[in-house]
Amino acid sequence: GVTGKGGVAEKDKADEGEVVLLDARTINVYQGCDGVMLLFDPWKRETFSYAASLAREIKDDLPVLLLANFADRLDAQPPQAPAVTKQEIDKVCKSRDRCYNLK
């Protein structure tokens, strides 16, 4: 079997075969999907960057819905502007077919 510690896979001593870790890079996680929803935290740019990179990698035959989550933070005190602008979100959606976001 395969075990992992701290994101590093380790091979059990009893297992002599080759270890293949399954993740989104080794299997088609979108197989059979009708669409993909990608959520990101607009106050954390790295989450938007990751969602945008996934949106570019997903085949154009699948519709993608790109959503900014954590809208409840709009009421935070003191107010804090999101790190991602509406224009950046629109730009990602316009870069591929069948990509949508809420207006």
Side-chain angles (χ1 to χ4, degrees):
V2 177
T3 60
K5 292 181 183 177
V8 177
E10 298 175 354
K11 194 164 118 179
D12 291 342
K13 291 180 181 173
D15 186 7
E16 297 297 326
E18 183 177 329
V19 175
V20 177
L21 298 176
L22 300 178
D23 66 8
R25 297 181 201 279
T26 58
I27 61 173
N28 182 0
V29 295
Y30 305 113
Q31 183 176 355
C33 290
D34 294 321
V36 179
M37 288 188 345
L38 299 173
L39 282 75
F40 65 93
D41 182 342
W43 284 269
K44 295 181 181 177
R45 175 159 292 284
E46 63 274 11
T47 65
F48 173 72
S49 297
Y50 182 67
S53 69
L54 288 177
R56 287 187 287 271
E57 292 174 10
I58 295 169
K59 293 182 180 180
D60 280 336
D61 62 335
L62 278 177
V64 172
L65 182 59
L66 187 59
L67 298 172
N69 201 2
F70 302 99
D72 55 320
R73 289 188 56 184
L74 292 173
D75 297 330
Q77 296 298 326
Q80 181 182 9
V84 179
T85 66
K86 177 81 168 91
Q87 292 78 18
E88 290 174 290
I89 300 166
D90 290 341
K91 183 178 178 181
V92 170
C93 280
K94 289 178 183 175
S95 71
R96 58 165 283 130
D97 292 335
R98 302 180 74 193
C99 184
Y100 310 96
N101 63 347
L102 301 178
K103 305 286 185 214

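We number each residue from 1, following the sequence as shown.
- Note that the OG1 atom of T85 and the NZ atom of K91 stand 9.5 Å from one another [nearest 0.5 Å].
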| Passes side chain to side chain contact (heavy atoms under 4.5 Å, CB included), D41 versus N69? Steps please. | CA-CA 5 Å; D41 182 342; N69 201 2; over 6 Å; no

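- Side chains of C33 and L62 form a contact here, defined as non-hydrogen atoms less than 4.5 Å apart.
- A search for side chain to side chain contact (heavy atoms under 4.5 Å, CB included) contacts involving D34 returns nothing, not counting sequence neighbours.
- Remark: L65 pairs with M37, L67, Y100 by the side chain to side chain contact (heavy atoms under 4.5 Å, CB included) rule, at least two apart or across chains.
- Across R56 and S95, no two heavy atoms sit closer than the pair CG-OG, 4.5 Å.
- Partners of S49 by side chain to side chain contact (heavy atoms under 4.5 Å, CB included), not counting sequence neighbours, listed by chain and number: R45.
- The shortest distance between side-chain heavy atoms of Y30 and I58 falls below 4.5 Å.
- Side chains of F40 and L66 form a contact here, defined as non-hydrogen atoms less than 4.5 Å apart.
- Taking 4.0 Å as the cut-off between side-chain N and carboxylate O, R98 and D60 do not count as a salt-bridged pair.
- Looking at heavy atoms from C-beta onward, E88 lies in side-chain contact with F48 at the 4.5 angstrom threshold.
- Contact check on D90 versus K94 returns no salt bridge, with no Lys/Arg side-chain nitrogen under 4.0 Å from an Asp/Glu carboxylate oxygen.
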